Protein chains: 2
Amino acid sequence: MGKTFFEELNNESATGVAYKNLNLKKSILGYFANVSDATIADLAKELNISVPKMTAVLNDLIQDGIVQDYGKVESKSGRKPNLFGLLPESAFFIGVDINQRYINVALSDLQKNLVKVAEKISYKLENNKESLETLCQLINTFIKELPIPKDKILGIGINISGRVNYATGYSYSFFNFSEEPLSKIIESKVGIKVFLENDSRAMAFGEFSSGIVKGEKDVLFLNIDYGIGLGILINGQLYYGKSGYSGEFGHIPLFDNEILCHCGKKGCLETEASGWALARMVKQKMQEGSSSILFEEKGEGEEIQMEDVIKAANNDDVLAIELIAEIGGNIGRGIALLINIFNPELVILGGSLAQTGEYIRLPIKSAINKYSLSLVNNDTQLRLSQLGKHAGIIGACLLVRKRLLSLH
Amino acid sequence: MGKTFFEELNNESATGVAYKNLNLKKSILGYFANVSDATIADLAKELNISVPKMTAVLNDLIQDGIVQDYGKVESKSGRKPNLFGLLPESAFFIGVDINQRYINVALSDLQKNLVKVAEKISYKLENNKESLETLCQLINTFIKELPIPKDKILGIGINISGRVNYATGYSYSFFNFSEEPLSKIIESKVGIKVFLENDSRAMAFGEFSSGIVKGEKDVLFLNIDYGIGLGILINGQLYYGKSGYSGEFGHIPLFDNEILCHCGKKGCLETEASGWALARMVKQKMQEGSSSILFEEKGEGEEIQMEDVIKAANNDDVLAIELIAEIGGNIGRGIALLINIFNPELVILGGSLAQTGEYIRLPIKSAINKYSLSLVNNDTQLRLSQLGKHAGIIGACLLVRKRLLSLH
DNA sequence: ATTACTTATTAAAATATTTTAATTATTATT
DNA sequence: AATAATAATTAAAATATTTTAATAAGTAAT
């Protein structure tokens, strides 16, 4: 049986001319994927290849069914050049974004188009085999209902919170009950190659590839939710660290308090700057007898959730706004530290709590100004996430795409 | 007048075959500089070039006077291959390491050999034009006494503490009293191309290129001195951030104290974890009536310096050891945070205070274990600097070399 | 519609590189 | 010293790529 184009593309044994041609093909696909569609002249100039050679290779790629001639394109005068780019329907990728109470699943084509999106599918994330089994079933169901043949789906990207080693496929915070890496287990149940990724990192990649990032290369993405995660982009590349555990920002020892964190330590940033901390503060305020629309709607024994506080703030509830400002101040102190260390061009606020918009952005901004060196923080823009709750799912799809195209 | 080889090497206007040949030459030089000397067969395999072509290009480079045939080398059996490498005396680089009370200057050849080292040349760093003038004179004197022609010196790397933008050549913490960038000003007085660098970053590069780093790619270097600096290596590359201000680790807001830092803010790490903090603590202990060899040798009104405490600790003075342990614990809490964020393979302790060896390393290690996630810190080795006080000067030389060879 | 102009595409020639084969150099062994 | 073994070097042939030139295609203006 002949190899598929993508297997051929990653053929390690090629040497000499064959190797150079493969490399050139990768560069062309990389240009299409990362930069834009292009004319023969563009590509020839950019990749330092003569026009006749480029023409030949492009024709090859069209033969391979991976590149498309988009036809004539505007130019100042004279004969108009043809534009070439990836053939969208030549390959597909699935992204899965796992949350505590639901999952999001989406299908993307080769040109980043989201072909199908299924959001907020009910699912309870628990650290046991049944929960894992259910997850696989949900993914299989999604695949079965797709209007495309399964073998066109080249890979599945799965976001999961906690420590994930994407290179080995092990997850340490969830579903870690087997010798085999989690990615292999899911792979065997679904029948498609699986790539795991930390949730905040995937979101960061989503924002970077098709969100708020416009050319910035050194970018920090904060996933402010029940916990607080960090995705780091350095020189346009996701940063992993030795084993992929980078970005454990929620557990830096920034406070001198006695609040015990999930991680077992005290004084973590998360204890004073997260959705979890927000819920704790609200509860305390209620006990102290503060007034708020938050306390009126809830029944006996019903717990107030982070989502309720976000909704209340967006409805101008003073207590909610005050508490979010307090949380924001603490997060801002954490970000100030990141700015001193990274001198980033851009910091993106994402995750559920970023949905409160300026209510959280402004106190964060103030704290940054207070706690970081001004020469450094003058360099740094602070923007709200553009993709919002879609960041994870988009990032998951695009990360698989990136891996399978062996883009750098 | 013909261009020199190195000017030719960075010729941007080359296209087609000329461009590819230049690129190949750069790759070969890069291999020699970053990896090792090599035989024709090695290079051909590594760079995916045929043996006849490689032979021709190498001969070119020998003609250019930049590569040398080192002669036969051992091999299992049969004819022994020739080893090729850089011609050491084909180019030289100067490194200058500026400290508060002295400067170090060194000359390195193309093969990283330190040809001449002049350490602890008296110099008082003050933020005025006279001090800058003196600096340039000292450099000129050093150059004049060298046994090699000036035009063989391709560049000067200068380490200076504080915020430095290496791309523009501006220094913001020292000598910032002109429209023109500092690098250009020195250049015009010395007559050789100048590259500025932040001191901790240069030290980190020194350790990385010829110090304690053995293949690790994600490495943090701490310069623990009067202040506390951080050099960041990511994927084997120095990390700069947007304007080169990355690594302002000394000024992260980690403490909730009332001690005012030089930077104008309160609660900076430096206020509790630096040579400066150490000196403050010693003074306080003295006022409290503690006993120590530290207090015996000093005359009336003479201030105790960080260096005295280091010396005392290395002579087993209990108070000095205790205070260094306290400082170490605070630094360790800071490093714990870096480990959670970076998941590095290696953290290097450098700068004056690292000269106390295990006296500072062990409390740092304990604090790291206490304050960072164990899954993450298990990945991280903690080693003492190998180059010690030479790190800066070696880094300075090697950084210019890297830039002028346009190594990545 | 014709013309002038611009630019892409194709074709042919020139150059460059790889591939293959032959030769030469070196070393260990007999 | 001769021989066999090994590997570098060189040479020649086969490919591949670039370069240059010629042709075709498309556009705008007359």
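A quick note: this is a predicted structure, and the numbers were derived from the prediction, not measured. Naming convention: chains lettered A, B, ... in sequence-line order (proteins, then strands); numbering from 1 in each chain.
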In whole angstrom, give the distance that lies between atom [atom1] of [X] and atom [atom2] of [N].
X      : N       : atom1 : atom2 : result
L83(B) : dT9(D)  : CG    : C1'   : 17 Å
N48(B) : dT19(C) : CG    : C1'   : 15 Å
L58(A) : dT10(C) : CG    : C1'   : 15 Å
N82(A) : dT10(C) : CG    : P     : 10 Å
M54(A) : dT18(D) : CE    : P     : 9 Å
D69(A) : dA8(C)  : CG    : P     : 14 Å
K20(B) : dA16(C) : NZ    : C1'   : 10 Å
N21(A) : dA16(D) : CG    : C1'   : 9 Å

(request) Please determine if R383(B) and E216(B) form a salt bridge, counting it only when a charged side-chain N lies under 4.0 Å from a carboxylate O. (result)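 Salt bridge between R383(B) and E216(B), a charged N being under 4.0 Å from a carboxylate O: yes.
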(request) When you get a sec, tell me which of dA8(C), dT9(C), dA16(D) is the closest nucleotide to the side chain of P81(A)? (result)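 Nearest listed nucleotide: dA8(C).
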(request) Report the nucleotide, chosen from dT17(D), dT9(C), dT18(D), that has the shortest atom-to-atom distance to any side-chain atom of V51(A). (result)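 Nearest listed nucleotide: dT9(C).
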(request) Step through the shown structure and confirm whether more than 12 heavy atoms of other residues, nucleotides or ligands are within 6.0 Å of NZ on K45(B). (result)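 Check fails, neighbour count at 12 or below.
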(request) Show your working on side chain to side chain contact (heavy atoms under 4.5 Å, CB included) between D218(B) and Y239(A) and close with a plain yes or no. (result) CA-CA 10 Å; D218(B) 296 325; Y239(A) 174 72; 3.6 Å; yes
(request) Report the distance from atom NZ of K193(B) to atom CD1 of I94(B), rounding to the nearest 0.5 Å. (result)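 Between K193(B) NZ and I94(B) CD1, I get 15.0 Å after rounding to 0.5 Å.
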(message) Judged by each residue's nearest nucleotide on DNA chain D, which is more toward the 5′ side, S50(A) or N59(B)?
(response)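 That would be N59(B).
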(request) For F84(A) and for A18(A), find the nucleotide of DNA chain C with the closest heavy atom, then tell me which residue's nucleotide is more 5'. (result)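 With F84(A) and A18(A) compared, the 5'-side residue is F84(A).
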(message) Please compare T55(A) and I49(B) by the position of their nearest nucleotide in DNA chain C and report the one closer to 5'.
(response)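 By nearest-heavy-atom nucleotide position, the 5'-most residue is T55(A).
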(request) Examine dT18(D): is either OP1 or OP2 under 4.0 Å from a nitrogen or oxygen in the side chain of K53(A)? Give yes or no. (result)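 No, no such contact exists.
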Can you check nucleotides 11-15 of chain D for protein contacts, nitrogen or oxygen pairs under 3.5 Å, and list what you find?
none

(message) Within the 4.5 Å heavy-atom criterion, are V51(A) and I40(A) side-chain neighbours or not?
(response)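 In contact.
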(request) For side chain to side chain contact (heavy atoms under 4.5 Å, CB included), just list the numbers for E197(A) and F205(A), CA-CA rounded to whole Å, side-chain angles, deciding distance to a tenth of an Å, and then say yes or no. (result) CA-CA 11 Å; E197(A) 187 58 272; F205(A) 191 73; over 6 Å; no
(request) Mind listing the closest non-hydrogen atom pair of E207(B) and A391(B) along with its distance? (result)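 So the two residues come closest at OE2-CB, 4.2 Å.
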